[in-house]
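A short write-up of the structure that comes next.
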2 protein chains.
Amino acid sequence: MAANIGRPLEFDPDTALEAAMQQFWSKGYEHTSMQDLLVAMNLSKSSLYQTFGGKQPLFRRCVYRYTDQVAQGLGQGLAKAPSGRRFIEGFLNSILKEAQDRHGPRGCLVMNTATEFAQSEPEIAHDVAQSIDRFRDVLQGAVERAQSEGEIPRERDSQMLANYLVSSMSGLKAQSKAGADAARLKGIIALTLKALD
Amino acid sequence: MAANIGRPLEFDPDTALEAAMQQFWSKGYEHTSMQDLLVAMNLSKSSLYQTFGGKQPLFRRCVYRYTDQVAQGLGQGLAKAPSGRRFIEGFLNSILKEAQDRHGPRGCLVMNTATEFAQSEPEIAHDVAQSIDRFRDVLQGAVERAQSEGEIPRERDSQMLANYLVSSMSGLKAQSKAGADAARLKGIIALTLKALD
DNA sequence: TGTGTTATGGACTTATCGTTCCATATTTAG
DNA sequence: CTAAATATGGAACGATAAGTCCATAACACA
């Protein structure tokens, strides 16, 4: 496939992609210029175009990468968690930490993308919907584990609960980004968990 | 104050502002160009700059206008509602209608603005935080009315419940914008209401 | 009617955007 | 050592953005 002939790349595409993702996550698509990307990724314009095809294709790869990382991270967290319920609690509480992150609260890249593009770009809207369903599926696994462990009533619809958790996460991250303090977020989280009983 | 001397305006500033707000709500700040605004508002560039000062000041006035309209609309809805609880249910269910709106699901202009600017523009972040608190205050009134009517337990913290409702609304609107269908939204709404019991 | 005041339309300016292109550098295969 | 292939750096391009400026139009008042 990839011919091993010719001059070799002077950068690691994966590292560059990660840097681009961080930029888009912090500033959104429109507020990130090519210049910003070139600096963050530490490569030349030609290399960016040759390797990633341009700004928009790069962005879509970043959203995909983010989705993978988050879904995979949640899956691993669930595997290690002492119980499904505890995992869900930890998942919601982790939003509190984001506010103290060095980047500040950046929200969820997928939902940020939905806000920026869902209305105008059908292809990106499709990516977003797929990402959301991936998050939902992992959380549904957590709900079902909690049900099997007796921490959530078995008769509840696990898929709906998972949809609810995705929606709640999105709301919480938006509140955090909009300046809500820790006390407010904690209160919202506590109420959110009530719906699981 | 406003001198009534000189050539009179050929447009109604309030109508123009409403048109600008609809544009910003539909497309966001960056995706709305001056050209878009001039067409939507039906006025000349000079008039826009003279009357509104430029794109950013116009945008902030639009966000303020939106906040006023929503807060006032909620207040009137609450006054007419048969009960506090019923008002809250109607408030959440109204998000379902937005998806069938001729504009499509546009989310909440205030939260869209938070997503686009909270990280980079402190002044706008301040406006956003104020708007959120105004929404919260109206909803807190609804919660307290429901408590006095025996539909929500009196011992619950009405302010926290109101914060929770704001966050839930924001999450729901984001899900709607991201393509969630009516069934999914209804399920989330039903779960959201459980937290009030 | 004339003067001061504000509004309007449109040309113009300046900056920045994403993208393309080409000459040059660096590698592998034969 | 040569030729083919790929990567890189930087100049140049076309488009579009927001914002400014000025000549002209339309009013109120005296």
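Note that the structure is a prediction, hence the values are computed from the model and not measured. First the proteins, then the strands, lettered A, B, ... as listed; each starts at 1.
When each of L9(B) and Y49(A) is assigned the nucleotide of DNA chain C bearing its nearest heavy atom, the one mapping closer to the 5' terminus is L9(B). Nearest-nucleotide mapping onto DNA chain D: of Q50(A) and Q56(B), the residue sitting toward the 5' end is Q50(A).
Within the 4.5 Å cutoff, the side chain of I132(A) has heavy atoms near those of the R184(B) side chain.
Judged purely by atom type and a 3.5 angstrom limit, Q175(B) has no side-chain atom pairing as donor or acceptor with the backbone of A180(B). A donor-acceptor contact shorter than 3.5 Å is absent between the side chain of Y66(A) and the backbone of W25(A).
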Could you list all N or O pairs between the protein and nucleotides 26-30 of chain D that sit under 3.5 Å apart?
unit_1  : atom_1 : unit_2 : atom_2 : d
dA26(D) : O4'    : R7(B)  : NE     : 3.4

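Counting only N and O atoms by type, the side chains of S33(B) and D36(B) include a donor and acceptor under 3.5 Å apart. A donor-acceptor contact under 3.5 angstrom links the side chains of Q22(B) and R106(B), judged on distance only.
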Q.
The test is salt bridge (charged side-chain N to carboxylate O under 4.0 Å, His left out); show your working for E151(A) and R145(A) and say whether it passes.
A. CA-CA 9 Å; E151(A) 294 178 317; R145(A) 178 172 158 195; over 6 Å; no

Tell me which donor-acceptor pairs under 3.5 Å the side chains of residues 93-100 of chain B have, and how far apart each pair is, sequence neighbours excluded?
unit_1 : atom_1 : unit_2  : atom_2 : d
N93(B) : ND2    : E89(B)  : O      : 3.0
S94(B) : OG     : F91(B)  : O      : 2.6
E98(B) : OE2    : G107(B) : N      : 3.3

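In this entry the distance linking CZ of F11(B) with P of dT6(C) reads 15 Å, nearest Å. Between the CG atom of L58(B) and the P atom of dA18(D) there is a distance of 11 Å, rounded to whole Å.
Only S44(B), S46(B), S47(B), listed by number, bring a heavy atom of residues 16-48 of chain B to less than 4.0 angstrom from any atom of DNA chain C.
Between F11(A) and F52(A), the ring planes are tilted. Angles from 30° to 60° get that label.
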